[in-house]
Amino acid sequence: MRNEIRLPCHTTTSPGGAGSNGATMDRRGFLGLVGIAGAALLTGCTPGAGSAGRGNTGGLAWSTRLHVPSVDAGTVAADGTRRFRLRAQAGRSQFISGKSTTSWGFNGPYLGPTLRAQSGERVAMEVHNELAESTTVHWHGMRLPAAMDGTPHQPVEAGSVWRPTWTIDQPASTLWYHPHPHGDTAVHVYRGLAGMWIIDDGIPDGLPGTYGSDDIPLIIQDRNIGADGSLREDDTVPIWGLMGNDILVNGTHGPYLEVHTRLVRFRVLNASNARMYNLRLSDGRPITIVGNDCALLPAPVQVDEISLSPAERAEIVVAFNPGETVVLTSRSGDNGLDEGEFDILQLRAATTLRTNGPVPSSLPGPAPIAPPADARTRRFVLSGNSKINGREMEMGRIDEVVPVGATEIWEIDNTVYSHNFHVHDAAFSILDIDGHDPPAYASGWKDTVFVGGHKTAKVAVTFGHHADPTTPYMYHCHILQHEDKGMMGQFTLVESTTQTSPPSGMPRTAGRHEHAASDS
Ligand code: C2O
Ligand code: CU
Ligand code: CU
C-alpha cells in the first residue's frame with residue numbers, strides 16, 4: 001500500500017476506519033479514477049478537514065533494513081581544525097525496489113553523512129556545489145557567526161565552493177544541516193539535501209551512545225513517490241505545500257531495524273517540509289525523552305507520545321524485550337499538519353539483548369533559560385502562509401537588531417492555522433503556550449517551537465556572541481513552503497545596546513518598534 005493518497009477532504013471517515021487497508025487507495029488508481037476533477041477538488045481542501053492524508057498503517061512490508069547514514073568526523077589538521085568536505089550532488093536512489101530515480105544528496109545520492117564534532121573544536125567546512133543551480137547550506141541549531149550560517153546571504157553558486165569556519169561552542173546536541181536558498185528551500189530539501197550534525201561535549205551522559213548500534217539517527221520525511229519510483233514535487237495541500245503519504249526514514253521506505261540492546265537511543269529529526277508527527281510505539285509503551293533540539297534535558301521525561309513539527313528534534317530512549325516486534329507510528333492529530341496515521345519504522349528485538357542502561361535519573365542538560373526581569377519582549381504576529389508582522393521577508397531589510405548575548409522574550413502570536421517558529425543562532429525555553437506550561441516533551445532547550453492554530457507561544461531566547469551589524473540571521477516558520485513564500489524575518493546581532501537600529505544602507509523598517517516591548 002505504498003502509493004496511498006489522501007482522499008478528498010469530506011471523506012474523513014470510512015467503514016474501514018482511519019488508516020486501515022480498506023480505507024486507503026492506490027494513487028495510480030485514485031488519479032486514474034478522478035483525474036483532473038479530483039485534483040481540482042483537492043485544491044479546495046481546507047486544513048483540519050482531512051486534506052493532509054490518510055496514512056499508511058498496516059500496509060508496509062518492512063522489507064528493507066533501515067539505512068543508517070555514515071558518521072563523518074572529518075579529518076583533524078595539524079592546527080587542530082576539524083575539516084569536513086560536503087558535495088551537494090545529484091544521484092540515483094531506489095526508494096522502491098527496482099525503480100531507480102534521480103535524487104539529491106551530500107556525498108551520496110540522498111541525504112548526507114552524520115557530521116560529528118566536539119564542542120570547543122574549530123571546524124572548517126568545504127561545501128562543493130556540484131548541482132546545476134545555486135544553493136546554500138545552513139547549520140540548523142548551530143551558534144556561529146552570521147556569515148557562516150548558510151542563509152540566503154551565503155549562496156554557493158553551481159560549480160563553486162564555500163568554506164565557512166567557526167568554533168563550536170554549545171552543549172551536546174543533535175543538530176542538522178540543509179539548504180536555505182530563498183524561495184527554493186522546499187524543493188532542495190525535498191530532493192534530499194539534509195543531514196544530521198551531532199555535537200559532543202565530553203560530559204558523560206550515561207545514555208546509550210554507540211552510533212549505529214544503540215544510538216540511531218531517525219530522519220523522518222514524507223514524500224510522494226510516483227509509480228516510477230520518482231519523487232513527485234507537486235504541492236499537494238495549497239496552504240502547506242508538499243505533504244507526502246510515503247514516509248522515508250533516513251531515506252528508507254518501509255524500514256525495519258534489528259535492535260540488540262535492551263535500551264536504544266534514537267535521535268529523531270523531523271526533516272519533512274510540512275508534515276508533523278505525533279510519535280508513539282504501537283503498544284503504547286513509554287518513551288523516555290532525554291533531549292530536545294539544542295541540548296539534553298536536565299532529567300529524563302517519560303511520555304507515551306511526542307509531537308515533532310518540521311525541524312524539531314528529540315532524543316529518546318526506548319526499552320525492548322527479547323524477541324519482540326514493535327512499530328514506531330504517528331497518530332493522526334487535529335493540527336492539520338499531523339493528519340493521517342502512519343507506520344514509520346518496524347523495530348525487531350533480537351532473541352538475546354545486551355543489557356545497557358538504565359537511563360540515569362539526572363542528565364547533564366542545562367536548566368531552563370530564565371529571562372532577566374528587564375528582558376525585552378518582541379512580538380511576532382503570524383498571518384496567512386507568508387507573513388510575520390504583516391510583511392514578507394526581504395533580503396535587504398533587517399527586521400530586528402538584538403544585542404549579542406541577550407536573553408529576550410519572544411512572543412509568537414499565530415492568528416491563523418498551524419505554523420512553527422525557528423530562530424537561528426539561538427536557543428530558547430518555552431515559557432508558555434497560550435498561558436499553559438509547555439508540554440513535558442518540549443521542556444528542554446529548543447530552536448523551533450510548534451505554534452498551533454490561533455495560539456500564542458512565549459519563549460525565553462538567548463542569542464549568540466558574534467556581532468555583525470550587516471549580516472543577518474533568520475527567524476522563520478519551518479514549514480518550507482511558508483519560509484519560501486516569505487514567512488521569515490532577518491535580525492542582526494550587535495555589540496552595544498545603544499546601536500540597536502538597522503545600519504545605514506539597510507532600509508529601515510517602519511514596523512520595527514511597533515511590536516517591541518511592553519505589549520505583552
Ligand atoms: Cu532549518 Cu532557517 O532553518
Ligand atoms: Cu536554522
Ligand atoms: Cu508556517
Side-chain angles (χ1 to χ4, degrees), residues 115 117 119-125 127 136-154 162 164-182 185 197-199 201 292-295 311-313 366 369 371 375-376 378 380 388 393 395 397-410 412 420-430 444-449 459-478 483 487-497 499-500 502-503 506:
L115 306 179
S119 191
E121 280 182 323
R122 185 93 191 146
V123 295
M125 317 302 296
V127 179
T136 85
V137 181
H138 166 58
W139 321 105
H140 181 125
M142 199 70 78
R143 318 284 292 261
L144 76 185
M148 311 297 169
D149 199 31
T151 71
H153 295 275
Q154 292 90 38
W162 177 54
T165 176
W166 69 94
T167 299
I168 296 184
D169 180 19
Q170 58 194 95
S173 45
T174 299
L175 315 181
W176 64 303
Y177 58 99
H178 63 79
H180 216 300
H182 192 40
T185 295
W197 236 124
I198 297 178
I199 306 292
D201 63 8
N292 284 141
D293 306 339
C294 293
E312 288 186 289
R313 287 88 71 204
I369 296 163
R376 175 167 177 176
R378 301 184 202 240
F380 300 89
I388 300 177
M393 191 270 202
M395 292 284 287
R397 186 188 70 221
I398 303 294
D399 300 281
E400 304 291 337
V401 176
V402 177
V404 282
T407 298
E408 302 191 339
I409 295 172
W410 282 26
I412 301 109
N420 72 10
F421 197 84
H422 166 53
V423 187
H424 287 209
D425 194 53
F428 55 71
S429 291
I430 303 173
W445 281 21
K446 293 178 57 57
D447 59 43
T448 305
V449 59
V459 303
V461 53
T462 179
F463 292 89
H465 289 87
H466 301 279
D468 182 340
T470 55
T471 312
Y473 298 99
M474 312 284 137
Y475 52 85
H476 57 90
C477 177
H478 219 290
E483 177 184 334
M487 191 172 251
M488 176 152 70
Q490 307 197 99
F491 72 98
T492 51
L493 288 185
V494 298
E495 217 43 85
S496 111
T497 51
Q499 194 194 320
T500 54
M506 285 286 187

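Everything numeric in this text was worked out from a predicted model, so none of it was measured. Below, each value reflects all heavy atoms present in this structure, side chains not excepted, and no hydrogens, waters or symmetry copies.
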Minimum heavy-atom separation for Arg143 to Gly464, with atom names? NH2-N, 3.6 Å
Over all atoms of both residues, closest heavy-atom pair of Ala467 and Glu495: CB-OE1, 3.3 Å
The reported gap from CG in Leu493 to NE2 in His424 (rounded to nearest 0.5 angstrom) is 12.5 Å
Might you work through the side-chain contact (heavy atoms from CB on, under 4.5 Å) test for Trp197 and Ile168, ending with a clear yes or no? CA-CA 12 Å; Trp197 236 124; Ile168 296 184; 4.1 Å; yes
Check: Trp410 and Val449 side chains under 4.5 Å, non-hydrogen atoms: no
For side-chain hydrogen bond (donor to acceptor under 3.5 Å, both in side chains), just list the numbers for His153 and Gln490, CA-CA rounded to whole Å, side-chain angles, deciding distance to a tenth of an Å, and then say yes or no. CA-CA 11 Å; His153 295 275; Gln490 307 197 99; 2.5 Å; yes
Give the intermediate values and the outcome of side-chain contact (heavy atoms from CB on, under 4.5 Å) for residues His476 and His180. CA-CA 11 Å; His476 57 90; His180 216 300; 3.2 Å; yes
Just so I know, are the side chains of Ile388 and Phe421 near enough to count as touching, which here means a heavy-atom distance under 4.5 Å? yes
Smallest heavy-atom separation, Met148 atom then Trp162 atom, equals O-CH2, 3.4 Å
is_close_aromatic(His478, Trp176), centroid dist under 6.0 Å: yes
Got Val459 and Lys446 here, is their nearest side-chain heavy-atom distance under 4.5 Å? no
Is there a side-chain contact (heavy atoms from CB on, under 4.5 Å) between Trp139 and Leu175? Walk through the geometry before answering. CA-CA 8 Å; Trp139 321 105; Leu175 315 181; over 6 Å; no
So, taking the atom named CG in Asp425 and the one named NE2 in His465, what distance separates them when rounded to the nearest 0.5 Å? 9.5 Å
Is there a side-chain contact between Pro469 and Val494 (heavy atoms, below 4.5 Å)? yes
May I ask you to test the Pro403-Glu408 pair for a side-chain heavy-atom distance under 4.5 Å? yes
Side chain to side chain contact (heavy atoms under 4.5 Å, CB included) with Ala172: which residues, sequence neighbours excluded? Asp201
Considering all heavy atoms of both residues, which atom of Tyr475 and which atom of Asp399 are nearest to each other, and what is their separation? OH-CB, 3.2 Å
Just by modelled atom types, is the Ala460 backbone N or O under 3.5 Å from a matching donor or acceptor in the Ser429 side chain? no
Tell me if the CG atom of Asp169 is crowded by more than 12 foreign heavy atoms within 6.0 Å. no
Taking salt bridge (Lys or Arg N to Asp or Glu O under 4.0 Å) as the test, write out the residues that go with Arg313, two or more places apart. Asp447
Quick one: which of Thr185, Thr151, Asp149 gives a side-chain hydrogen bond (donor to acceptor under 3.5 Å, both in side chains) with His138? Asp149
What heavy-atom pair brings Cys294 and Pro171 nearest, and what distance separates the two atoms? O-CG, 4.1 Å
Taking C-beta and beyond as the side chain, do Trp166 and His466 meet within less than 4.5 Å on heavy atoms? no
Step-by-step side-chain contact (heavy atoms from CB on, under 4.5 Å) determination, Trp445 to Gln170: CA-CA 11 Å; Trp445 281 21; Gln170 58 194 95; over 6 Å; no
Roughly how far apart are Met393 CE and Cys477 SG, rounded to 0.5 Å? 14.0 Å
Any Glu483 side-chain heavy atom under 4.5 Å of His422 side chain: no
Would you check if Val402 and Arg378 make a side-chain contact, meaning some heavy-atom pair closer than 4.5 Å? yes
Pair Phe463 and Phe491, ring centroids less than 6.0 Å apart: yes
Taking all non-hydrogen atoms of both residues, which atom of Ala295 and which atom of Pro366 are closest, and how far apart? CB-CD, 3.5 Å
Measuring from atom CZ of Arg376 to atom CD1 of Ile409, what distance do you get when rounded to the nearest 0.5 angstrom? 12.0 Å
How long is the span from the CZ atom in Phe428 to the CG atom in Asn292, to the nearest 0.5 Å? 10.0 Å
